[in-house]
Amino acid sequence: MILLNPGPVNVSERVRTALTKPDICHRESEFSVLQESVRQGLLAVYGLSHDRYASVLLTGSGTAAVEAMITSLIPQSGKLLILENGVYGERIEAMARAYGISFTAVKHEWGAELNAQRIEESLQQDTTITHVGVIHHETTTGRLNNLSMVGILAHRYGKILLVDGVSSFGGEELNFEEWNVGAIAATANKCLHGIPGISFVVARRELLDQTDFQPRSVYLNLREYYRQQEGGGTPFTHSVQVLYALDEALKEFHEQGGWRARHEKYRQLAQSIRTRAQELGIKMYLEGGMLAVTLTALRLPANLSYQTLHDHLKAAGFVIYAGQGDAGKVMFRIANMGEIEKVDIDRLFLAIKELL
Ligand SMILES: *Cc1c(COP(=O)(O)O)cnc(C)c1O
């Protein structure tokens, strides 16, 4: 089954085989070695200096990492400006509400490009804002948000930038220093081609080192993970086999040429999806602006329901992804992360053509 949903993704045999390594206890030295290897491998994805940044590992899906970042790095006195143009920006708002974190939002239509002027006005008008929360790739629509613009504005107004990079980390350009990234949350099983179960936050050490914090959560307290992982431990039972697989996936990632090579592979796959769709008269959901290389949102052809398309493709060995909310009636998505080759895309479009 070829998974064309935005995670979990198809993995290599090498990564899958890593799951069968020996059982280990997360309180033993061999676990510390494994954990440190993954933490370093994650920093190396964007060549980050160990002195300035640290990665913190959690057992949980991507949302766990986003929630740990949002609830652990904004102090009680802080206020979050949330930039929303899809489901995942709205999810950060839901987290702020659930934990009673003070926030304000700049809301856009799903898929719209972030409006620099409106963001700057909010930053100017509300001086109580301390942090800016943004999604890098808004997987709802395939919109790649302009992180450079947001980062420069956050820097100009002295705000800390918190990024949901769950579907971009490892597959898109990320310029941590220039774009002023304070922290970014991501997961093992999207662009890094690992197994679901481990997620992580890469953050500036100066943010993790702050001590004047009242924790909002026990399990998602990022600072406690950081403190213990720096000493080779970890507060709770990790999904150790999934960590083995992530370690292997990171080795594979670096051997294959790092984020630039992965980005280029994704770019070519996405290009072929977009060209093939156009040949069949299937329109792009977004027109213009910055698009991610990991996912393409397409308009459903007239008189074709998502369910019919989905079921036909599933019978041919492909899983595609519905649009979320109301968009589900007019749109479907094809992601191209994971162990996918161009021949798979060719076969996919033969199956779509057959149905049409
Ligand atoms: C997939 C995704 C998530 C959520 O990941 P889960 O692993 O399902 O919790 C969060 N943000 C973005 C941008 C995503 O693409």
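Numbering of ligands and ligand atoms starts at 1, following listing order.
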Trainee: Around atom CD of E279, are there more than 12 heavy atoms from other residues, nucleotides or ligands closer than 6.0 Å?
Mentor: yes
Trainee: Can you name the atoms of ligand 1, numbered from 1 with element, that are less than 4.0 Å from a heavy atom of H137?
Mentor: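 This gives 13 (C) as the contact atoms.
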Trainee: I70 vs L80, test: side chain to side chain contact (heavy atoms under 4.5 Å, CB included). Steps then yes/no.
Mentor: CA-CA 9 Å; I70 296 293; L80 177 64; 4.3 Å; yes
Trainee: Is the number of heavy atoms from other residues, nucleotides or ligands under 6.0 Å of E178 CD greater than 12?
Mentor: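 Count not over threshold, so no.
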Trainee: More than 12 heavy atoms of other residues, nucleotides or ligands under 6.0 Å from NE2 of H312: is that the case?
Mentor: yes
Trainee: Of all the non-hydrogen atoms in the protein, which one sits nearest to atom 4 (C) of ligand 1, and at what distance?
Mentor: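 Protein heavy atom at minimum distance: T63 OG1, 3.4 Å.
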Trainee: Test the R223-F213 pair against the cation-pi criterion, namely NZ or CZ under 6.0 angstrom from the six-membered ring centroid and within 45° of the ring axis.
Mentor: yes
Trainee: Do Q278 and M284 make a side-chain contact, defined as non-hydrogen atoms from C-beta onward lying under 4.5 Å apart?
Mentor: no
Trainee: Take T139 and S167 through the test side chain to side chain donor-acceptor pair (under 3.5 Å) and record every step on the way to the result.
Mentor: CA-CA 7 Å; T139 322; S167 62; 2.7 Å; yes
Trainee: For S167, counting its heavy atoms only, list the atoms of ligand 1 lying under 4.0 Å from any of them.
Mentor: 13 (C), 15 (O)
Trainee: Looking only at protein heavy atoms, identify the closest one to atom 14 (C) of ligand 1 and say how far it is in Å.
Mentor: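 Looking only at protein heavy atoms, the one closest to atom 14 (C) of ligand 1 is K190 NZ, 3.1 Å.
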Trainee: For Y225 and Y219, indicate whether the former's side chain and the latter's backbone hold a donor-acceptor pair under 3.5 Å.
Mentor: yes
Trainee: Among all protein heavy atoms, pick out the one at the shortest distance from atom 3 (C) of ligand 1; state its residue, atom name and that distance to 0.1 Å.
Mentor: Y88 CE2, 3.5 Å
Trainee: Please state which protein non-hydrogen atom is closest to atom 11 (N) of ligand 1 and give its distance, to 0.1 Å?
Mentor: D164 OD2, 2.7 Å
Trainee: Indicate, as side chain, backbone, both or neither, the part of I135 found under 4.0 angstrom from ligand 1 when only non-hydrogen atoms are considered.
Mentor: side chain
Trainee: Measure the distance from atom 7 (O) of ligand 1 to every protein heavy atom, then report the residue, atom name and distance (to 0.1 Å) of the closest one.
Mentor: G62 N, 2.8 Å
Trainee: Any atoms of ligand 1 less than 4.0 Å from a non-hydrogen atom of S61? List them with their elements.
Mentor: 6 (P), 7 (O), 9 (O)
Trainee: With atoms numbered from 1 as shown, which atoms in ligand 1 lie under 4.0 angstrom from a non-hydrogen atom of R91?
Mentor: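 Result: 4 (C).
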Trainee: Which option, N5, V66, T140, T139, owns the non-hydrogen atom nearest atom 15 (O) of ligand 1?
Mentor: T139
